[in-house]
Amino acid sequence: MALYLTFQLYGPLQAYGLVAVGEVRLSASHPTRSAVFGLLGAALGVRREEEERLTVLADSYDLAVRTDLPGTPLLDFHTVQTPPERRNRVYRTRSDELGGLLGEDEEPYTILSRRGYLCDACFTACLRVRGDAPPHTLEALAEALRRPAFTPYLGRKSCPPGLPFHPQVGEHAGFEEALAVYGLHRELHDRLRRPDATTAHLDTAEDSGALVRDLTAHHGRRLFVERREASRDIPAAKPRGGDDVL
Amino acid sequence: MSRFVQLHILTSYAASNLNRDDLGAPKSMMLGNAARLRVSSQSLKRAWRTSDVFQAALGGAHLGTRTKELGRKVFAALVNGVPLAAAWKDESAAGTLNALKETKAVEIARAVAGVFGKLKSESKADKDPDPAKKRVALLESLEIEQLAHLSPEELEEAARLTEACRASGAVPEKDALDLLRHRVKAADIAMFGRMLAASARFNVEAAVQVAHALTVHKAVAEDDFFTAVDDLNKDDQGAGHMGVLEFGAGVFYLYVCVDRSLLAENLCNDAALAAKALEALVRAACTVAPSGKQSSFASRAYAFYALAEKGDAQPRGLSLAFLNPVEEEDMGLEAIKKLESTRESMERVYGQTAQSECFNALEGKGTLDALVRFAAE
């Protein structure tokens with residue numbers, strides 16, 4: 001038996017960055033490891049430049065993610081205006097960038113990008129302490145999710161959660177049991193496509209899992225390395241509201 | 001002070017195309033297995049930042065000076081031996097401070113003014129035999145190409161730097177120049193953040209989170225087939241031009257979350273300015289529409305309902321209220337009812353509470369002013 005922290009990730013839009021080269025920034029089909037620990041870091045008040053704390057945080061817990069509602073992918077067409085880079089010129093405000101610091105012969109560039117989102121998806125994340133010296137107890141993580149230090153978002157800043165994370169800490173025999181007792185908001189449960197089974201994505205040490213590139217090697221430089229992720233069929237979430245379902 | 005201020009805003013846009021995709025159609029998304037129209041977060045933010053509402057609310061005491069002439073003034077202050085403030089009023093004023101040589105003063109003036117804008121090219125009038133003409137050409141060469149906007153703080157810093165240069169007789173280093181605008185209290189960047197790949201130290205974490213706005217009901221883009229007639233064409237009955245313009249209409253739900261602590265931090269803990277920024281944000285979010293296709297549709301609209309919440313508990317949007325698309329005829333009132341009941345049941349289930357305030361223009365309850373005060377205090 002071990003302690004598990006379980007919480008839900010629901011929002012009208014979510015976005016979990018994959019390998020992004022150039023202008024297409026797709027979303028993964030479920031929350032990446034870096035997204036979940038980034039969210040926890042933000043809730044705890046860890047800043048982007050605190051490399052050490054972020055690394056320790058991500059290295060100290062095993063993660064499983066249950067897909068409750070896979071959502072519909074969306075590719076958003078996005079334009080951004082940026083000023084030309086010039087040596088010895090620093091743009092300090094948006095109006096500097098769009099005109100103030102530009103010469104009469106200079107125009108801001110327009111950059112096009114396509115950004116992937118998931119519409120109307122819902123996931124349940126589950127954490128277990130790895131090793132014996134976690135930086136925060138699971139209860140402390142739960143409290144941080146209830147009263148976060150920074151504004152939480154689901155992968156991209158424009159993706160606010162549409163339900164409270166509703167973190168629960170409990171003792172269970174394994175990830176499957178911890179996930180099984182964590183219910184799904186009733187209105188979302190009504191929309192399950194497969195009411196019997198769904199998929200869980202788990203950290204694994206075995207070579208057989210899928211290769212995913214979402215293990216953060218350096219936060220500031222956005223460097224990621226590959227890890228293995230196992231997928232397992234598990235029972236779908238029960239509707240929340242019963243006696244035994246959180 | 002509660003950390004988060006959340007806004008839930010309902011606005012009804014008539015036929016409009018506020019935010020287009022690459023094919024020119026209004027942006028869309030799926031929610032609750034139903035197609036919705038969408039206005040992206042970045043489109044809304046740009047409209048607010050460039051709006052008159054922002055200018056009016058954040059201009060005021062913060063109003064600076066718009067000028068091309070900073071370089072000329074610094075030059076005059078240095079060669080005439082007067083403080084920058086005196087040269088600001090009168091370029092020919094003479095004083096008793098240490099006067100620098102013209103060549104050095106030109107270098108310093110160009111360095112200082114260059115922080116605020118691209119300067120005109122250096123004077124080529126040196127060879128002009130007429131000293132008066134030569135002087136005019138020199139002064140003009142110290143001007144910034146376009147009008148630069150200097151805040152009162154920036155002017156103070158520029159005056160301080162001018163005196164430092166007078167004392168040292170040296171052209172200011174990069175660090176000193178950076179300091180010139182280090183304290184720029186650009187409220188829009190404090191709110192909406194900035195990410196620069198080139199110079200990460202100027203990055204600012206946005207204190208305001210803006211979600212994509214989406215319709216509370218099922219909505220798809222419609223085609224408007226149009227023709228334009230050639231006024232001078234008398235021989236041919238046909239149209240001079242044919243085209244299709246896509247548009248949509250709907251009641252949009254918009255969610256905004258402000259991290260007040262981060263906003264204050266981004267504004268160097270200037271509480272008064274942080275409150276002003278919040279006021280400007282609430283006003284803009286309730287009254288400013290994106291500018292897309294406004295000439296064709298005039299689809300500007302004010303929010304008919306807005307709810308503000310303050311608290312420390314985890315912020316969350318209330319889009320769940322519209323997971324089942326609103327289908328009732330009285331769409332506005334129905335959307336309000338669903339939003340409020342979802343909020344209540346969510347608070348009951350998850351045990352969160354927050355202070356709140358709202359206005360409802362459909363029933364004439366509450367005011368925008370009261371909402372603004374509630375959010376900012």
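Order of the sequence lines fixes the chain letters, A, B, ..., with proteins taken first and strands second; residue numbering starts at 1 for each chain.
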**Message:** Side chains of H8(B) and Y253(B) only: does a donor on one sit below 3.5 Å from an acceptor on the other?
**Reply:** yes
**Prompt:** Quick check, are the ring centers of H166(A) and Y350(B) under 6.0 angstrom apart?
**Reply:** yes
**Request:** Check each atom of F150(A) against the heavy atoms of chain B and say whether the ones under 4.5 Å are side chain, backbone, both or neither.
**Result:** both
**Prompt:** Between M346(B) and chain A, which part of the residue has a heavy atom less than 4.5 Å away: side chain, backbone, both or neither?
**Reply:** side chain
**Backbone N/O of A190(B) and side chain of N266(B): donor-acceptor pair under 3.5 Å** = yes
**Item:** Residues Y109(A), Q81(A); criterion side-chain hydrogen bond (donor to acceptor under 3.5 Å, both in side chains); working and verdict
**Value:** CA-CA 5 Å; Y109(A) 297 113; Q81(A) 282 192 310; over 6 Å; no
**Asked** Using a cut-off of under 4.5 Å for heavy-atom pairs, which of K120(B), R20(B), R38(B) has the most such pairs with chain A?
**Response** R38(B)
**Message:** Just so I understand: if I count every heavy-atom pair under 4.5 Å between each of D22(B), D259(B), L320(B), D21(B) and chain A, which residue has the most?
**Reply:** D22(B)
**Request:** Counting only heavy atoms closer than 4.5 Å, note whether E106(A) contacts chain B via side chain, backbone, both or neither.
**Result:** side chain
**Asked** Checking side chain to side chain contact (heavy atoms under 4.5 Å, CB included) for the pair Y117(A)/R25(A): CA distance, chi angles, key distance, verdict?
**Response** CA-CA 9 Å; Y117(A) 291 86; R25(A) 334 288 283 185; over 6 Å; no
**Request:** Answer yes or no: does atom NZ of K218(B) have more than 12 heavy-atom neighbours from other residues, nucleotides or ligands under 6.0 Å?
**Result:** no
**Prompt:** Taking the six-membered ring for Trp, are F192(B) and W48(B) parallel (under 30°), tilted (30 to 60°) or perpendicular (over 60°)?
**Reply:** tilted
**Pairs of heavy atoms under 4.5 Å with chain A: top-ranked of G193(B), G351(B), A211(B)** = A211(B)
**Complete:** When the 4.5 angstrom heavy-atom criterion is applied to L74(A) and chain B, the contacting part is side chain
**Request:** For H219(A) and E49(A), test the side chains for any donor-to-acceptor distance below 3.5 angstrom and give the result as yes or no.
**Result:** no
**Prompt:** Using non-hydrogen atoms only, which part of L69(A) is less than 4.5 Å away from chain B: side chain, backbone, both, or neither?
**Reply:** neither
**Complete:** Counting heavy-atom pairs under 4.5 angstrom with chain B, the leader among R156(A), H78(A), E187(A) is H78(A)
**Message:** Under 4.5 Å from any heavy atom of chain A, what part of L318(B) do you find: side chain, backbone, both or neither?
**Reply:** neither
**Asked** Do side-chain atoms of D214(A) reach the backbone of T32(A) as a donor and acceptor pair under 3.5 angstrom?
**Response** no
**Request:** Please look at V208(B) and chain A and tell me whether the side chain, the backbone, both or neither of the residue comes under 4.5 angstrom of a heavy atom of that chain.
**Result:** backbone
**Request:** Flag the pair D76(A) and R114(A) as a salt bridge only when some basic side-chain nitrogen lies within less than 4.0 angstrom of an acidic carboxylate oxygen.
**Result:** no
**Request:** Would you tell me whether T124(A) and D68(A) have side-chain atoms, one donor and one acceptor, within less than 3.5 Å of each other?
**Result:** yes
**Item:** Contacting moiety of S261(B), where chain A heavy atoms sit under 4.5 Å
**Value:** neither
**Asked** Of the backbone (N, CA, C, O) and the side chain (C-beta and beyond), which part of R191(A) lies under 4.5 Å from a heavy atom of chain B, both, or neither?
**Response** side chain
**Request:** Name the option with the most non-hydrogen atom pairs under 4.5 Å to chain A; the candidates are S41(B), A206(B), C257(B).
**Result:** A206(B)
**Best-contacting candidate, P148(A), P164(A), G162(A), against chain B by heavy atom pairs under 4.5 angstrom** = P164(A)
**N/O donor-acceptor pair under 3.5 Å between T67(A) side chain and P70(A) backbone** = no
**Complete:** Comparing L23(B), L262(B), N324(B) against chain A, the one with the most heavy-atom pairs below 4.5 Å turns out to be N324(B)
**Asked** So which part of R36(B) gets closer than 4.5 Å to some heavy atom of chain A, the side chain, the backbone, both or neither?
**Response** neither
**Asked** Between T151(A) and chain B, which part of the residue has a heavy atom less than 4.5 Å away: side chain, backbone, both or neither?
**Response** both
**Asked** For L214(B), is it the side chain, the backbone, both, or neither that has a heavy atom closer than 4.5 Å to a heavy atom of chain A?
**Response** side chain
**Portion of N33(B) that has a non-hydrogen atom of chain A nearer than 4.5 angstrom** = both
